Amino acid sequence: MSNHQKRLSVPNSWPVERKTATFTVKAGAGPHGESGVPLLIVLRDVLGYADNRKEARYALNEDNVLINGKAVSDEERPVGMFDILAFTEREEYYRVFPGEGGRLALTAIEADAAESKLGKIVSKSHVPGGDVQLGLHDGQTLVVEDDQTYDAGDSIVVDNETNEVVAHFEYGEGALVTAVDGAHAGEIGEVDEIQVTPGSAQNNVLVSQDDGGFETVEEYVVVIDENFTGDDE
């Protein structure tokens with residue numbers, strides 16, 4: 001299989017210029033599915049820390065680049081929504097956050113905020129022993145005790161080292177959310193109303209903002225808190 005991806009056909013979330021060249025790097029297997037952006041693109045096109053694949057490989061072999069607390073050596077490793085990037089030698093830390101138009105963007109954060117990451121619960125199932133397994137938006141699975149109340153649509157903050165849940169944000173009216181896809185990707189507001197749609201169609205979500213609001217589908221919203229808005233910078 002080719003290691004290249006045509007720029008014109010990359011997902012809208014990829015932060016690359018589409019007309020500067022024909023090809024770009026192809027994402028390897030890993031989290032986030034087709035929306036995952038290869039780490040090389042982040043290092044080369046977003047941050048400018050490498051001019052080419054060779055330089056990126058050299059930097060990664062130094063084990064100074066961490067994603068969600070783990071050193072990464074594969075420049076094709078997919079990076080996606082709410083991942084935490086740490087450049088230990090530079091003492092720089094970033095959260096991947098939806099930018100304008102749905103493109104993935106990097107938000108600078110403090111070192112202590114880089115110790116955990118946000119995940120949207122997309123599935124919930126019982127496992128042998130009575131515990132519950134949660135499936136997160138990036139493919140991560142997490143087993144929690146049955147007596148803890150989590151629902152699909154909620155968000156949790158997971159410690160990168162221990163995999164323990166350190167915060168839980170419930171999805172519902174009044175929740176602070178961000179849109180991660182669609183026409184309003186990157187916008188933040190409070191859930192004003194959840195309109196349940198009969199059948200298999202997506203529920204509609206009405207989100208209010210200080211200067212108005214927007215409507216999107218339930219799949220596109222993720223519950224956050226003020227620490228994820230960038231106001232703490």
Side-chain angles (χ1 to χ4, degrees), residues 11-15 31-37 46 68 79-85 93-110 112-114 116-124 134-140 142 144 148-158 165-233:
N12 291 333
S13 61
W14 286 31
H32 300 289
E34 296 181 355
S35 62
V37 178
V46 178
N68 303 327
V79 178
M81 197 66 64
F82 303 117
D83 276 344
I84 301 295
L85 273 66
Y93 308 91
Y94 299 95
R95 178 184 295 115
V96 182
F97 205 74
E100 184 178 353
R103 284 192 172 192
L104 297 183
L106 301 182
T107 300
I109 57 176
E110 300 295 332
D112 58 349
S116 59
K117 76 176 183 71
L118 183 80
K120 178 181 179 178
I121 301 173
V122 296
S123 66
K124 176 181 175 180
L134 306 178
L136 304 185
H137 72 282
D138 59 359
Q140 180 182 1
L142 195 70
V144 296
Q148 302 183 48
T149 303
Y150 302 102
D151 292 311
D154 292 356
S155 291
I156 55 177
V157 178
V158 182
V165 177
V166 297
H168 174 209
F169 310 134
E170 295 184 2
Y171 170 65
E173 294 182 2
L176 183 68
V177 297
T178 182
V180 297
D181 204 343
H184 300 282
E187 296 189 36
I188 295 172
E190 290 188 359
V191 175
D192 186 54
E193 182 182 355
I194 301 171
Q195 298 177 332
V196 178
T197 304
S200 59
Q202 281 278 335
N203 292 337
N204 290 328
V205 182
L206 304 184
V207 180
S208 61
Q209 299 169 305
D210 290 340
D211 56 352
F214 61 90
E215 178 179 348
T216 187
V217 294
E218 205 165 46
E219 181 184 355
Y220 290 170
V221 296
V222 176
V223 185
I224 59 175
D225 78 347
E226 290 77 5
N227 294 325
F228 292 84
T229 65
D231 294 340
D232 58 332
E233 295 176 31

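Given the structure is predicted, the values throughout are model-derived calculations rather than measurements. Note: hydrogens, waters and symmetry copies are ignored here, and every other heavy atom, side chains too, is used.
No donor-acceptor pair closer than 3.5 Å links the side chain of Lys117 to the backbone N or O of Arg95. Proximity of a side-chain donor or acceptor of Thr178 to a complementary backbone N or O of Glu187 within less than 3.5 Å is detected. For Asp192 (side chain) and Val207 (main-chain N/O), no donor-acceptor pair under 3.5 Å exists by modelled atom type.
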Report task. List the steps and the verdict of side-chain contact (heavy atoms from CB on, under 4.5 Å) for Val205 and Tyr220. Result -> CA-CA 9 Å; Val205 182; Tyr220 290 170; over 6 Å; no
Requested in this report: Apply side-chain contact (heavy atoms from CB on, under 4.5 Å) to the pair Gln140 and Val158, showing each step before the final yes or no.
Outcome: CA-CA 11 Å; Gln140 180 182 1; Val158 182; 4.2 Å; yes
**Report entry** Candidate pair Val191 and Val221, rule side-chain contact (heavy atoms from CB on, under 4.5 Å), full reasoning
**Finding:** CA-CA 9 Å; Val191 175; Val221 296; 5.7 Å; no
Report task. Report the C-alpha distance between Leu106 and Val96 in whole Å, list the side-chain angles of each, state the deciding distance to 0.1 Å, and finish with yes or no for side-chain contact (heavy atoms from CB on, under 4.5 Å). Result -> CA-CA 5 Å; Leu106 301 182; Val96 182; 3.8 Å; yes
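Nearest heavy atoms, Ala179 versus His184: CB-O, 3.3 Å. For the pair Gln202 and Glu219, the tightest heavy-atom approach, listed with the atom from each and the gap, is OE1-N, 3.1 Å. When every heavy atom of Tyr93 is checked against every heavy atom of Ala114, the shortest pair comes out as CD2-CB, 3.7 Å. The shortest heavy-atom contact between Lys124 and Tyr150 is NZ-O, 2.5 Å. Scanning all heavy atoms of the two residues, the minimum distance from Leu176 to Asp225 falls at CD2-C, 3.7 Å. Here the shortest heavy-atom pairing between Pro98 and Met81 reads CD-SD, 3.2 Å.
Rounding to the nearest 0.5 Å gives a distance of 6.0 Å between CD of Glu173 and CD1 of Ile194. Considering CZ of Phe97 and CD1 of Ile188, their distance stands at 4.5 Å, rounded to 0.5 Å. If you take CG on Leu206 and OG1 on Thr216, they are separated by 10.5 Å, rounding to the nearest 0.5 Å. Expressed to the nearest 0.5 Å, how far OG1 of Thr197 lies from CG of Asn204 amounts to 4.5 Å. Note that CD1 of Ile224 and NZ of Lys120 are 12.5 Å apart. Values are rounded to the nearest 0.5 Å. Separating the CG atom in Leu136 from the CZ atom in Phe82 is a distance of 11.5 Å, to the nearest 0.5 Å.
A side chain to side chain contact (heavy atoms under 4.5 Å, CB included) with Leu118 holds for exactly one of Val222, Val223, Ile156; it is Val222.
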